Structures are given as C-alpha cells and as structure tokens.
Amino acid sequence: MLNHIHQWTRPLKRFPLKSLTLTTPLSSLTLTKPSASASASASASASAADTDPADTYDPAASLEILKCLKSKDLYSSSLCLKTFVDRLNSVQVDEVIGDLGVEDPELAIELFYLLKNEHGFRHSRVCSFVVAHVLAGKRRLMELRSFLRELVEQEGSGSAPSLCELLGNRFRVWESNGLVWDMFAFVYSRSEMVHDALFVLAKMKDLNIRASILTYNSLLFNLRHTNIMLDVYEEIKASGAPQSEYTTSILVDGLCRQSLFQEAVAFHQETERKGSMPSVASFNTLISRFCEVGYIDVAKSFFCMMFKYGLLPDAYSYNILIHGLCVVGSMEEALEFMDDMENHGVEPDVVTYNILAKGFHLLGMMCGAWEIIRHMLHKGLNLEIVIYTILMCGHCQTGDIEKVFELREEMLSQGFQLNDICYSVLLSSLCKKGRISEALSLLHEMESIGLKPDLVTYSILIHGLCKQGEVQHAIQLYNKMHSKRVFPNSFTHGAILWGLSEKGTLSEARTFFDVLTKSGLIKDIVLYNIMIYRYAKLGKIGEAVQLYKQIFESRITPSIVTFNSLIYGFCKSRKLAEARTWLDTISTHGLVPTAVTYTTLMNALCEEGNIRGMLEVLSEMETRAIKPTNVTYTVVVKGLCKQHRLQESLHLLDSMHAKGISPDEFTYNTIIHCFCKAQDMRKAFQLHSEMLLHNLQPGPVTYNVLINGLCVNRDLTEADRYFSFLQDQNIRLTKPAYTTLIKAHCAKGDASKADALFRQMVEKGFEISIRDYSAMINRLSRRKLTPNVKVFLRMMLSDGISLDQEICLVILNAFRGVGDLNSEFELLAVTIKHGLFPD
DNA sequence: CGGAGTCCTG
C-alpha cells in the first residue's frame, strides 16, 4: 500500500527558474541527421545508460526486418517479426524505427506498436522519442500527448534531466522537435511533476525553443498557490508567447488564492490598459474568490462592472453569485438574480437548482423550494427534473433516505437520469447513515451508466469507509481511484490517516503520515493536526510536541486546532500548568484561542476537582469575549454537580436556554446523572421530559443513567417496568442497560430474572465477553447459587470462551461453599489440566 | 458554479 502512496505523492520542490542549472554541458550536442549509417554510433552512446552492454548492432538483421516490413502486409510482417524477435535488442529496434521514422513514419509507428503490443517488447527511451517525433510530424497531437504522458509517468519525477539530455542530443534536428519539447513540458506539468516541467522549460529556453501558451497555462495553474507563479509569468512575458484569456484568469485566481486580492484586481484591470478586454472568465474568478472570503458586495460590484464593459455574464457568473448569496442566507436576493438571469436570456441550469435547493434547506425553508417550483411553472420550464433535484437534495439533507430512493425510482421510471451530483449527494447521505455497502453498489451503478466518479465522489466513500472502521476497504478504493487517474488530495489523505489512526495502530498511521510528508507535496496542517491529536489522546505528549516542531521545519503554519490538540495532550497527561503555558503562547503565533481551547483546559481542571480554577478560566474567557459553547457549559454543569451545587446547575441550564445556546444530550445526561446520584429520581425524570419538550432525543446513555438510578434508588420492579416499557417502545438500548439490571437482580439474589435478562442480551446480538460471564458467575457464586453457576459455565464454554484462572477459583470456592464435592473435583481436574491452578 | 468537510473540547 505504501508503495502506491509513494508513487502518487511526487515531490514539489520549490525553486525559482533562475536557479535552474544544466546538469550536463550541451557541448556534446550532436547535430547529425539520423540516417542508417551515421546514427549507429550516436544512438549507441545516447542509450548506453539503459541498454545492456551485450546489445550490439547487427545491421544485417535490421536490414532483413526492414525488407520484410516494406514488402508485406501487416499480418505477414507480424509473422516475420516473430522469427526475429528473439534476436532483437533495443539498439536494433531503435535503429530500425529511427530509420523508418524518416523514410516512412506510418510504418515506423505500426512497427512500434507491433513490437510493443504483440511481442511485449520493452522499448527504449530513444525509441519513444522517435515515435514521439513521428506523431508530432503527423500532427497526431492527442496521441502524442497520451504517448508522452505514459512515458513521463513511467519515468517518474526527477526524470527530466536525463530525458532532456537525450532529446537535446539526438533529436535536435528532427522535424517537429520543438513541438515534442513543448508537449514534453506540458505532460510533465499535467502529471503534476512541476519541477520536471520547469526543468524542461529552462532547457527549451537555452535551445531557443518557444513554449506554447497551453504549456505555460498548465504550469501557472499548477503553481497558482505558490509565489513561483509570478516568476513563470515573467518568463511568459519575456518569451513573447501570445497569452490567452485563461492566462489572465489563472493568474487572477492564483493571486486571490495567495490572498493577494489587491494585486489580483490590479492585474485584472491591467488587461484593459493593454488594450484588450477583461474576459468573462477573469471576472468570474474574481467574483468567486470574493464570495468565498465573504465579500459579497465586492463580488456584486464586479458582476455589475461586467455590464459596463459590455460583457454579458454567463451561467457561471450567475451561479457563482447565487451560490455566494445562498451561503450567507440571502435567499431573496438569490432568487432575484435567478429572475435577472432569465431576463438576460441565460437559462438557469441544474447547477442553479442545486445551489438554490441547498440554500433553502440550509435555512430549513422547504417553502422556499416551492417558491422556485412555482417560478418554474410560471416560466413553463421543464419542471420534473427540477422538482426531483430539489426534493432529493432536501430529503438527503434531512436524512430521509428512503424518500430519496422512492423519488429515484420515480425519476427512472419516467425516463430521467440522475446526474453525478445527485449521486454524490445520495452517496454522502448513505455514508452518514453508515450504509456503506449500499453506497458502494451505487458507485457501481454510476460507473455502469457511464458517469465518472471524481475526486469528491471517491473522497465521500473513502471517508465513509474510514468512519465505519473499514480502513482496508478504503485503501482498496484509494488504489482504485489512482488506477482511474483520479488523484487524492488532502481531504482523501486526511480521511485515510484518520481511519488508520482510529482503527489501525498508531505506528501504521505514522508510517503513512511520514510517506505523505516526506514526499514534500502534501503540506497540510490538517494531517499534522490529526497525528498530534492521536498522540495527545494516548498521552504521548512528547511525540506530539516533536511533530509540532516538525511543522515549522516543513515551513507550514500551525492552526488553532494544532494548539488545541497539544493542550488536550498536556491535560491528558495531567500537566495542567504546561497546558496553561501553551494556551498563553497561542497569541504569539497570531492565533486566537477558541471556546474549544478554554473548554479543554476547563474540563481538565474540573476532572482534577479544581472547580474554582475552572470557574476562573470561564470568566477569563468571557472577558476575552470568547463565547462559551454548549460544551463549555456542560463542563461547568459537571463541575457544579461535583460540588453538589444542583440548584446552580439547574439555573445554568435555564440560562443556556435563555442565551440560545441549546443544551444537548450530553448536557442533560450530565445533569440527570447528578440528580440520580442525589437520589432525586423525580427531578431526573422531569429533566428527561424536558429533553423531549426541547425536541432532544434521549440516547442510550440517558436511559442507562435512568435505569441505573432506578436500580439503586427505587424498588427493582420499578426498574424492570421501565426497562420493559422502553423495549416495548422499541427504544434502542445498549449493553450497559442490560448489565446494570442483571447486576441488580444478582445482588438481590433473583437468579432466574438475571438469567432471563442475560439470555435476552445474547439474543439481541450483543457481543458477550469473558468479563460479562465472569461478572455473572461471580455474583451467582457469591450467593452460592451453584446450579445457576453451572448453567452459565456451560453457556460460556459453548460460546467458545475459555476459562481463566480467576474465574476458576471463584467457582471452586462456590462449589466448596455448598459442599458440592463432585462438581468441585471435576472442575479442579479441568483447572489443573489447563495449567490454571496456582502454584 | 453544484456534490466531500480542516477530524480539536463534554
């Protein structure tokens, strides 16, 4: 697995163009026109590195092959080749194809593919370049591109210097050599081997070969996050290559991404001064980036500016702006722009509907969706597909997947096709519900109807699999996406790293992390944060700090999450003073502590019993105007409860409601637990009703707490009644609910009731461990209920769980206690046989 | 331009 990852994460070394130096002098440049006689020595030296020294040139054999090829049809040629193929070596193939490339290019290519496909011949680099030149000469550009792409991906990153040397030495005088160079640089760039692309460009400059704007654009795009982008742009200007409108919009985009907004705007307007018009694409980029950072008004003014230039916004312009408005919740204005869109003759498309549907559902405004539908009706537009899209998105967001599937059936029966976004939305909902296998079969369905899952689709699934703990399966998918040439990004990597650290071992996760970071391409603080959090959680604060230092060596910036995880780590290791010190250093990094930061520290203080200290931190937080969250208050409630300040905690709960910070299940569980401990079951159940009143669904933990409370504080029959009531209501209960009740019945000596519950628990499919059996057997033994002990002993053994020493001694004691000598000796024999008897 | 979600606190 790791090998794969290594292949995909090609290093991106940052070096400016100026610093590029040639690794070999060009004095060896040979300008011999390739011909049958003269090229033999040249090729022998050029390919010396990758040919076997035993390979020698046999002109006679070559001549024979040529003769055979020229005189016969392809089929016969293939047969003829078969007789030669054992005697062929790469030098000969280079020669033959090289010669043919000049005389009869078509035949050369045919021969090449014959050798490659039918005889499995591994061609040399020389041969590849001959074919490349032939393809270039014939202007078969798409073929040339994929051919060279295959070549550079085979050679891998860092291969540019040696390939350039070959290309420069042997092929300089070939027709179309310039085109091959350009395409060569282009494919390196497209394959994200940026430094190789830069190397090729530098060589081209030396050789006075001009790169095309397509190549430059691709490179600019790949470098748009870095400051090298502008260096490349200087190169473009110097080279005098005619720029396309994409050049501008890539640069505008890149400057925005580097937070150089002023520069981006200036650049955008500069095009006007140069006599040409800013393009719609360039405007769209600006609108999009400004929306992204929340400057909707600025985005809108750029939108208006387009009209002033006499440019008409396209569907992209509208969708970008409508999206921006939806994100900030200005649905009304978004709808106005949709009107405007139609008035200007731009049809809203499926993207527009997706954006609006999502916008309405984010705000919980289903009626807004109907607004759109009415609108569509009015315009007489194709309604069905719009309604379906909106409804599907809506149901996905509320998690009602069954409804989505119904709609899907309906759509399909009416001959409509789901688009790839619909599929992704559906996949995402399925994953969130943990229904991964259905998601996977939907992926196959997508593929079977010809939709291509992309990075996002795969990432959703990989993330879903990792969340379910199926990391191995996730990795399989990760490999599959690579084979389909879909390359993972930090989202994907983050999901895998998270899954590995959660389900696998920490060292496995670390190995993966090291491969990613050492490649140099992935520089993402999130990956560091995940790793640091893991170390922190396991109390390995030393390793966490070590990684923190590495962040700076990698020249990336820590985020507040980094510090929060570190503080969490110090708290876990009970080093609260250090945690405090780290909290105080946050501001020196230009970051602001969040509620999470303070809550982490407060929780640690609370656990330590330092409630005063906790409350001090709370007030410090308030003076620094950092809003406490419901988690913060839950911690405070916990602290107050610890000191039996129940009335205060109830008061806090009320003030939370008043402040609009809704308490969640955790908050209620905490406070209910406190009232149970204080033996106030009436209040505990009252709080439970309050939860329902606030539309909060009590979870299994809530019920465990309540059942336990009843067991401890009330008559056991009340607990039994409540338990059956919950079961009748089909409320999901977890194992602790059962074990709590079992424990209580054992303590009371009601073995048959305990027995029945235990069997129920087994029937429900809960995983029963030796701990559960021994707890049961222990309690029964202590009460000398040996017949029941025997029953459970048999159950346990038939469940495939073997005895341990501790449980043997307990049972032996019980048998002896009741004078059941037969059983005692029988078990003693087993105990000794299994070597469990203590010395 | 739409569909992943930056994996930190109870």
Side-chain angles (χ1 to χ4, degrees), chain A residues 284-285 287-288 291-292 313-324 326-327 348-359 389 392-393 396-397 418-429 431-432 453-464 466-467 488-495 497-499 501-502 524-534 536-537 559-569 571-572 593-604 606-607 628-639 663-671 701:
Chain A
N284 288 349
T285 306
I287 296 169
S288 169
C291 279
E292 214 166 70
D314 59 11
Y316 278 67
S317 327
Y318 278 105
N319 286 340
I320 291 165
L321 195 57
I322 289 172
H323 177 241
C326 284
V327 167
D349 55 13
V350 67
V351 176
T352 323
Y353 305 136
N354 277 324
I355 293 169
L356 285 166
K358 191 189 168 192
T389 308
M392 272 175 87
C393 286
C396 277
Q397 258 137 36
L418 277 76
N419 66 14
D420 48 350
I421 300 294
C422 274
Y423 270 104
S424 285
V425 171
L426 194 46
L427 283 173
S428 150
S429 323
C431 286
K432 277 186 193 133
D454 67 359
L455 175 60
V456 178
T457 321
Y458 280 114
S459 295
I460 291 170
L461 280 165
I462 287 172
H463 189 256
C466 288
K467 267 262 155 85
N489 62 7
S490 63
F491 274 106
T492 333
H493 287 129
L497 184 61
W498 178 256
S501 64
E502 178 91 21
D524 194 324
I525 188 64
V526 174
L527 297 177
Y528 279 92
N529 290 347
I530 293 171
M531 229 32 236
I532 288 176
Y533 169 69
R534 282 297 155 190
K537 192 166 186 161
S559 69
I560 186 62
V561 177
T562 320
F563 287 99
N564 290 349
S565 298
L566 283 165
I567 289 168
Y568 175 62
C571 288
K572 273 261 156 172
T594 63
V596 176
T597 325
Y598 280 103
T599 309
T600 307
L601 185 60
M602 282 168 64
N603 185 55
C606 176
E607 298 281 295
T629 66
N630 58 346
V631 183
T632 318
Y633 285 125
T634 304
V635 171
V636 178
V637 164
K638 193 169 74 175
D664 63 4
E665 198 202 314
F666 279 95
T667 324
Y668 274 101
N669 291 347
T670 307
I671 200 161
V701 177

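Residue numbering restarts at 1 for every chain, and letters A, B, ... go by the order of the sequence lines. Note that the structure is predicted; figures quoted are calculated from it, not measured.
In the model, Ser288(A) has no side-chain atom that pairs as donor or acceptor with a side-chain atom of Thr285(A) under 3.5 Å. Asn319(A) and Asp349(A) share a side-chain donor-acceptor pair at under 3.5 Å. No donor-acceptor contact under 3.5 angstrom links the side chains of Thr667(A) and Thr670(A), judged on distance only.
Glu502(A) meets the salt bridge (charged side-chain N to carboxylate O under 4.0 Å, His left out) test with Arg534(A); sequence neighbours excluded. In terms of the ring-ring contact (aromatic ring centres under 6.0 Å, His included) criterion, Tyr598(A) has no residue partners (sequence neighbours excluded).
Regarding Lys432(A), its NZ atom lies at a distance of 8 Å from the C1' atom of dA4(B), rounded to whole Å. Counting to the nearest Å, the P atom of dC7(B) and the CE atom of Met531(A) are 14 Å from each other. The distance between atom CD1 of Ile320(A) and atom C1' of dC1(B), rounded to the nearest whole Å, is 5 Å. Rounded to an integer number of Å, the gap from CD of Glu607(A) to C1' of dG10(B) is 9 Å. In this structure, Tyr568(A) atom OH and dC7(B) atom C1' are separated by 13 Å, rounded to whole Å. Between the CG atom of Leu455(A) and the P atom of dG5(B) there is a distance of 13 Å, given to the nearest Å. Atom CG in Leu356(A) sits roughly 12 Å away from atom P in dG3(B) (whole-Å rounding). dG2(B) atom C1' lies 16 Å from atom CG of Leu426(A), rounded to whole Å.
With dC1(B), dC8(B), dG5(B) as the choices, the nucleotide that has an atom nearest any side-chain atom of Tyr533(A) turns out to be dC8(B). The side chain of Asp454(A) lies closest to dG3(B), out of dG3(B), dT9(B), dG5(B). Listed nucleotides dT9(B), dG3(B), dC1(B) differ in distance to Ile355(A); the shortest reach to its side chain belongs to dC1(B). Here the nucleotide nearest the side chain of Ile460(A), chosen from dA4(B), dC8(B), dG10(B), is dA4(B). Side chain of Thr600(A), nearest nucleotide from dT9(B), dA4(B), dC1(B): dT9(B). Of the candidate nucleotides dC7(B), dC1(B), dG2(B), dG2(B) has the atom nearest to the side chain of Ile421(A). Nearest to the side-chain atoms of Asn564(A) among the listed nucleotides dC8(B), dG10(B), dT9(B) stands dC8(B). Across dC7(B), dG3(B), dG2(B), the shortest atom-to-atom separation from the side chain of Val351(A) is found for dG2(B). In the set dA4(B), dT9(B), dC1(B), dA4(B) carries the atom at the smallest distance from any side-chain atom of Phe491(A). You'll find that the side chain of Val561(A) is closest to dC7(B), out of dC1(B), dC7(B), dG10(B).
The closest donor-acceptor contact from the side chain of Ser428(A) to the backbone of Ser424(A) lies at 3.5 Å or more, if one exists at all.
Residue Ser288(A) is classed as a sugar-phosphate contact, given heavy-atom separations below 4.0 Å to backbone atoms only. At the heavy-atom level, His323(A) lies under 4.0 Å from the strands shown only through sugar-phosphate atoms. Here Phe666(A) lies in heavy-atom contact (under 4.0 Å) with a base. Using a 4.0 Å heavy-atom cutoff across all strands shown, Ala315(A) reaches no nucleic acid atom at all. Heavy atoms of Asp314(A) sit nowhere under 4.0 angstrom from any nucleic acid atom. Heavy atoms of Asn529(A) sit under 4.0 angstrom from primed sugar atoms or phosphate atoms, though from no base atom.
Contact check, Ser428(A) against dA4(B): a side-chain N or O comes under 4.0 Å of OP1 or OP2. An OP1 or OP2 oxygen of dG10(B) is reached within less than 4.0 angstrom by no side-chain nitrogen or oxygen of Thr670(A). Taking side-chain N and O atoms only, Asn603(A) has no distance below 4.0 Å to OP1 or OP2 of dT9(B).
Minimum interatomic distance between Val596(A) and Thr600(A) (heavy atoms only, all atoms of both residues): O-OG1, 2.6 Å.
In the interface, the side chain of Asp349(A) is not paired with the base of dG2(B) through any donor and acceptor atom under 3.5 Å apart.
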